[in-house]
Amino acid sequence: TEKPGKKMKIDEKDYLLYLVTDERFQREEDFLSIVEAGLKGGVSMVQLREKNLSSKALFYRAEKLAALTSAYKIPLIINDRADIAMAVGAQGVHLGQDDLPLPALRRMVKEELLIGVSAATKEEALRAEAEGADYLGVGALYPTETKTNTRKVSLEELYQIRKAVKIPIVGIGGINENNVAEVMDQEIQGVAVVSAITKAKDPMEAAKKLKQRMLQNTNI
Ligand code: TZP
Ligand code: MG
């Protein structure tokens, strides 16, 4: 097992099925057990994304999640909060376009954390890559109830972004078992989902099904 706080080696394959949490959209069941079911079903990376917790509550949530993901040897990314990522020994932090500028954050965290960036245009993608982002989340590819104020990215635009940068890309926004194959057809490294797993009756089966549909895709 990797020691918490030690930078985990991230492989392109780790981006395949990226589970993003959002407690508002989870069934009335223990948060950690849903994530664990996802991990058992083949989730390869996890992001803690909680917008309504105090710093203290978020820290404790992150600490528990870090224990779980490190037991499964799966990278953990914390949305917005590099301080919490460092404090719990997570592997990375994820930034939106309105969060701290990447160069400023990089000066603080050096190479201790991966930095992922959300991008919805080729310009944003190219800038993030030039500034040293480790991966990109690109979307929203489909309508989603999980996030308001999303920007629409078409599959064609996703493909153009894929051609423009070299760093790994995960698609996001309304991805489910019915559309995951056409998303992977854009030659990206993986998909990030919230509701397709966390709102499923059986999160482990949902993760398995997504993975199965992705692996039927000959690009991977
Ligand atoms: N960023 C763009 S769309 C989105 C985020 C966080 C929400 C994705 O959630 P879902 O439930 O997989 O559509
Ligand atoms: Mg953010």
Side-chain angles (χ1 to χ4, degrees), residues 7-20 43-49 74-82 85 90-142 144 146-147 149-175 179-194 196 210-211 213-215 217-220:
K7 192 171 177 186
M8 189 184 272
K9 278 218 178 63
I10 302 273
D11 191 281
E12 274 213 348
K13 284 200 293 296
D14 294 330
Y15 292 99
L16 197 57
L17 184 53
Y18 185 162
L19 172 62
V20 179
V43 162
S44 54
M45 190 145 165
V46 175
Q47 180 186 133
L48 179 62
R49 179 178 180 275
I74 293 296
L76 174 64
I77 308 294
I78 310 291
N79 191 278
D80 295 340
R81 298 290 298 269
Q91 280 64 47
V93 57
H94 190 91
L95 299 181
Q97 289 292 323
D98 295 327
D99 293 316
L100 217 56
L102 199 158
L105 193 68
R106 184 62 87 189
R107 281 196 293 278
M108 290 195 293
V109 307
K110 309 281 192 307
E111 294 303 316
E112 268 185 66
L113 294 178
L114 291 174
I115 302 181
V117 174
S118 298
T121 65
K122 192 155 96 175
E123 290 63 38
E124 288 174 1
L126 285 167
R127 184 179 329 114
E129 180 178 55
E131 291 176 345
D134 292 289
Y135 76 90
L136 298 174
V138 176
L141 299 174
Y142 303 94
T144 175
T146 305
K147 187 178 192 276
N149 68 32
T150 55
R151 292 176 293 164
K152 169 92 187 116
V153 180
S154 69
L155 291 181
E156 175 59 25
E157 288 166 325
L158 173 62
Y159 187 70
Q160 293 308 323
I161 293 172
R162 173 63 293 165
K163 293 289 129 192
V165 301
K166 292 193 178 64
I167 53 178
I169 293 179
V170 295
I172 188 165
I175 296 171
N179 57 28
V180 70
E182 65 184 22
V183 174
M184 292 308 292
D185 279 341
Q186 311 314 310
E187 299 173 13
I188 58 173
Q189 283 59 49
V191 296
V193 302
V194 181
L210 278 164
K211 200 130 185 185
R213 292 276 165 96
M214 296 170 85
L215 295 172
N217 187 299
T218 49
N219 291 321
I220 323 166

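No hydrogens, no waters, no symmetry mates; every other heavy atom, side chains included, goes into these values.
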I'd like to check the side-chain contact (heavy atoms from CB on, under 4.5 Å) partners of Lys163; sequence neighbours left out, ordered by chain and number.
Tyr159, Glu187

Taking C-beta and beyond as the side chain, do His94 and Arg49 meet within less than 4.5 Å on heavy atoms?
no

Test side-chain contact (heavy atoms from CB on, under 4.5 Å) applied to Leu158 and Ile169, step by step
CA-CA 9 Å; Leu158 173 62; Ile169 293 179; 4.0 Å; yes

Nearest non-hydrogen partners of Ala196 and Val193, listed with the distance:
CB-CB, 4.1 Å

Pairwise side-chain contact, Leu16 with Met184, heavy-atom cut-off 4.5 Å (strictly under)
yes

For Leu76, does its backbone N or O pair with a side-chain atom of Gln91 as donor and acceptor, under 3.5 Å?
yes

Going by the rule side-chain contact (heavy atoms from CB on, under 4.5 Å), which residues pair with Thr146 if we only count those two or more places apart in sequence or in a different chain?
Asp22, Phe25, Thr144, Val194, Ser195

Report the distance from atom CG of Leu19 to atom CE of Met45, rounding to the nearest 0.5 Å.
11.5 Å

Would Val93 and Val109 count as a side-chain contact (heavy atoms from CB on, under 4.5 Å) here? Give the steps.
CA-CA 10 Å; Val93 57; Val109 307; 5.6 Å; no

Passes salt bridge (charged side-chain N to carboxylate O under 4.0 Å, His left out), Asp134 versus Arg106? Steps please.
CA-CA 11 Å; Asp134 292 289; Arg106 184 62 87 189; 2.9 Å; yes

Applying side-chain contact (heavy atoms from CB on, under 4.5 Å), can you list everything that pairs with Ala85, at least two apart in sequence or on another chain?
Ile78, Ala90, Leu113

Start with the C-alpha distance between Ile172 and Lys147, add both sets of side-chain angles, then the distance that settles side-chain contact (heavy atoms from CB on, under 4.5 Å), and finish with yes or no.
CA-CA 11 Å; Ile172 188 165; Lys147 187 178 192 276; over 6 Å; no

Is Arg162 reaching over with its side chain to a backbone N or O of Val165, donor-acceptor style, under 3.5 angstrom?
yes

To the nearest 0.5 Å, atom CD1 of Ile175 lies from atom CG of Leu141 at 5.0 Å

Rounded distance (nearest 0.5 Å) linking atom CG of Leu102 with atom CD of Gln97
9.5 Å

Output yes when a side-chain donor or acceptor of Asn179 lies under 3.5 Å from a complementary backbone atom of Gly174, and no otherwise.
yes

To the closest 0.5 Å, what do you measure between OG1 (Thr121) and CD1 (Ile161)?
6.5 Å

For the pair Glu12 (side chain) and Gln189 (backbone), establish whether a donor and an acceptor sit closer than 3.5 Å, ignoring hydrogens and angles.
no

Work out which heavy atom in Ser44 is nearest to a heavy atom in Pro75; give both atom names and the distance.
O-CD, 3.4 Å

Can you see which heavy atom on Tyr142 is nearest to which on Lys152, and at what distance?
N-NZ, 4.2 Å

Can you tell if the side chain of Tyr18 reaches within under 4.5 Å of the side chain of Ile77, non-hydrogen atoms only?
yes

On a heavy-atom basis, the closest approach of Ala128 and Leu136 is CB-CD2, 3.7 Å

Quick one: does any side-chain atom of Glu129 pair with a main-chain N or O of Lys166 as donor and acceptor, under 3.5 Å?
yes

Check for a donor-acceptor pair, side chain of Ser118 on one end and backbone N or O of Gly137 on the other, with a separation under 3.5 Å.
no

Here the pair of heavy atoms bringing Ala82 nearest to Leu105 is CB-CD1, 3.7 Å

Is the closest basic N to carboxylate O distance between Glu157 and Arg151 below 4.0 Å?
no

Heavy-atom closest pair (Val43 atom, Ile74 atom, distance to 0.1 Å) is O-CD1, 3.6 Å

Within a radius of less than 6.0 Å around NZ of Lys13, do more than 12 heavy atoms belonging to other residues, nucleotides or ligands occur?
no

